[in-house]
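Everything numeric in this text was worked out from a predicted model, so none of it was measured.
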Amino acid sequence: MKSSPELRPNRYDALVVLVVLSLAALLAVKPFLAARAPQSDTLTVVVSADGRELDRAALADFGARTYESNGHRLTAVSADGSLAVAESDCPGQDCVHSGAISRAGQSIVCLPARIVIELVGAAPGYDLVTG
Ligand SMILES: [Zn+2]
């Protein structure tokens, strides 16, 4: 960081505050990103039932997988970088109707089956923060 003698003290203080705030924000965000984005450019599908992890796979390798939980069965299918529940025998079909997800942090929930399908990984641009 450069400190120019031409800067007035109050401006310098403001700059320091700004830098400290930026660093604090960076430190606050970094563990969150590290925990959720083990690979910077790969999306991972995490499937949980009743809060327990059932399955974890790269979105690119996911294909079509069927899960059974709480007396219901659903099939999730990945295509073109997105993931959707293609079929389910749950009442309501909310998980099917919720459509495709394609970005980190998005999820599909099937309440009757207690299944949560989540995409984790970094979205484009997050590398600026982690670097
Ligand atoms: Zn459902």
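Contact detail for Leu59 and Gly81: the closest heavy-atom pair is CD2-O, 3.3 Å. Heavy atoms only, all atoms of each residue included: Pro112 and Asn70 are closest at O-ND2, 2.7 Å. Taking both residues in full, the closest heavy atoms of Ser98 and Ile108 are given as OG-CG2, 3.3 Å, listed atom of the first, atom of the second, then distance. The shortest non-hydrogen separation linking Cys95 to Cys90 is SG-SG, 3.7 Å. Closest approach of Ala49 to Ile115, counting heavy atoms only: CB-CG1, 4.1 Å. Ala86 and Val96 get closest at one heavy-atom pair: O-CG1, 4.2 Å.
A chain of hydrophobic side-chain contacts below 4.5 Å, direct or via other Ile, Leu, Val, Met, Phe, Trp or Tyr residues, connects Leu43 to Ile101. Linking Ile, Leu, Val, Met, Phe, Trp and Tyr whenever their side-chain heavy atoms come within less than 4.5 Å leaves Leu54 and Val116 in two separate clusters.
Using a cut-off of 4.0 Å between Lys/Arg side-chain N and Asp/Glu carboxylate O, Asp89 and Arg73 are scored as not salt-bridged.
Here the straight-line distance linking atom CG of Leu23 with atom CG of Leu18 works out to 10.0 Å at 0.5 Å rounding. How far CD of Glu118 is from CD of Glu53: 10.0 Å, rounded to the nearest 0.5 Å.
For the pair Arg65 and Phe62, the cation-pi test (distance below 6.0 Å, angle within 45°) is passed.
Checking side-chain atoms of Ser78 against main-chain N and O of Gly63 turns up a donor-acceptor pair under 3.5 Å. Distance alone, capped at 3.5 Å, is enough to place a donor-acceptor pair between the Ser69 side chain and the Ala113 backbone. Side-chain atoms of Gln106 do not come within 3.5 Å of backbone N or O of Leu119 as any donor-acceptor pair.
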- Message: Determine whether Asp94 and Leu111 satisfy the following criterion, side-chain contact (heavy atoms from CB on, under 4.5 Å), listing intermediate values before the conclusion.
- Response: CA-CA 8 Å; Asp94 284 341; Leu111 285 177; 5.8 Å; no
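The number of heavy atoms from other shown groups lying within 6.0 Å of CD (Glu87) does not exceed 12.
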